[in-house]
Amino acid sequence: MTLISQEKGSTKDLNSIHQPVLVEQVMEYLQPQNLGSYIDATVGLGGHAKTILDQSGPTGKILAIDQDQEALKQSVQRLSEYEKRMIFHHGNFSEIKNIATLNGFEASDGILADLGVSSMQLSEASRGFSFQNEGPLDMRMDSSSRLKAKEVVNNYPENELASLIYKYGEETHSRRIAREIVKARPLNSTKGLANAVVRATQRKKRGRIHPATQTFQAIRIIVNDELNVLNQFLKNAVELLKPGGRVAVISFHSLEDRIVKTTFKTMTGYCTCPPKFPKCLCGQVKIIKLLTRKPVVAKDIEKNKNPRSRSAKLRVAEKL
Ligand SMILES: C[S@@+](CC[C@H](N)C(=O)[O-])C[C@H]1O[C@@H](n2cnc3c(N)ncnc32)[C@H](O)[C@@H]1O
């Protein structure tokens, strides 16, 4: 399938722009069925959604959500042949309960969230996600939201910047990096930021990944409030499932995966009351059962074909 890229006027194969990860494994868990009602909370370019619709048969339907208008526009185009079985909604998945209620998807058989950014977002220099391309310091997935990377980089106090880069980038050189960023202000471009990080970590960082990887991850998490919205999504998504319905989440770094793991664990009725109490005091109720004791990862063949899949972790739970 092809699409016309409006900005550049070129025709591109969508799979060359974004290759979905762990598709086979997600389908094994979601088991799309005729008459099934599914929510793809991060439809992106529609790779997973298309497979769900193909496998569910002619009466399966999807509510497709994305906070990126451009991604949504492209998936509408890509999935036009399924338009009678799809509803597209621009919004943040933290609002999934309202969005589902508004669109008649309050009782779902399966919900998928494939977190993070798409290859399309990364490769579009003007979005400012990548240190490989010269672009503005933006990093917003939702271009209508207010906070841009530029504000974080240029206005946050050095101490706050250092602790956020440490917390959200798990970056051990965060103090040194924050100091160099403050010295280099005002910063206006992705390359300018990446160069400041490289200067700060010269001789300290050797390895396969670019020295600015963790700093860019941290700033992107702040700009899009990624961890808070994930927490809200998980709690709300489970409420929308029918008994026996499943929620599948693909994460790409340890901070996200930890949230998915611990939130699911809490909902399985895992109790933290001290054992000496004769009765559980916390009142934890079992809401779900875990279907993946350990996260599902990509097979070597997929890892070789699609480098993005190397860090992907899939966790799935079923509503009781
Ligand atoms: C990895 S891509 C999804 C790719 C998709 N599964 C496919 O097959 O093409 C992640 C998408 O999720 C969107 N996204 C990330 N966080 C979101 C959120 N909190 N709410 C809604 N969409 C979000 C991004 O804009 C991006 O388009």
Cation-pi check for F105 against K61: NZ or CZ below 6.0 Å from the six-membered ring centre and within 45 degrees of the axis, yes or no?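 Output yes; distance and angle both within limits.
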For [X], does the [atom1] atom sit with more than 12 other heavy atoms under 6.0 Å from it, leaving out its own atoms?
X: I209; atom1: CD1; answer: yes
X: K183; atom1: NZ; answer: no
X: K167; atom1: NZ; answer: no

Please collect all ring-ring contact (aromatic ring centres under 6.0 Å, His included) contacts where either partner lies in residues 174-223, sequence neighbours excluded, each pair once. F131-H210, F131-F216
Contact list for residues 136-159, test ring-ring contact (aromatic ring centres under 6.0 Å, His included), sequence neighbours left out: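 Not a single pair qualifies under ring-ring contact (aromatic ring centres under 6.0 Å, His included).
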Return the minimal non-hydrogen interatomic distance between [X] and [Y], and the atom names on each side.
X: E158; Y: A178; answer: O-CB, 3.6 Å
X: G116; Y: Q121; answer: O-OE1, 4.4 Å
X: P211; Y: V198; answer: CG-CG2, 4.1 Å
X: I181; Y: V153; answer: CG2-O, 3.6 Å
X: I96; Y: A41; answer: CD1-CB, 4.4 Å
X: Q25; Y: V297; answer: NE2-O, 4.0 Å

Consider side-chain contact (heavy atoms from CB on, under 4.5 Å). Of E171, E170, E160, H173, which one does I165 pass it with?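 Looking at E171, E170, E160, H173, the match for I165 under the side-chain contact (heavy atoms from CB on, under 4.5 Å) is E171.
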Quick one: do the [X] and [Y] side chains pair a donor with an acceptor below 3.5 Å?
X: N34; Y: T59; result: yes
X: N98; Y: E95; result: yes
X: S189; Y: E134; result: yes
X: D225; Y: N228; result: yes

Can you name the ring pair (Phe, Tyr, Trp, His ring centres under 6.0 Å) partners of F93, sequence neighbours left out? F233
With D109 as reference, evaluate K242, K319, R246, Q33 under the side-chain hydrogen bond (donor to acceptor under 3.5 Å, both in side chains) test and give the passing residue. K242
Identify the residue among D68, D138, T190, N133 that makes a side-chain hydrogen bond (donor to acceptor under 3.5 Å, both in side chains) with R127. D68
Just by modelled atom types, is the [Y] backbone N or O under 3.5 Å from a matching donor or acceptor in the [X] side chain?
X: E302; Y: L22; answer: yes
X: D66; Y: L72; answer: no
X: R310; Y: K303; answer: yes

Rounded at 0.5 Å granularity, tell me how far OG1 in T292 sits from CD in E318. 11.5 Å
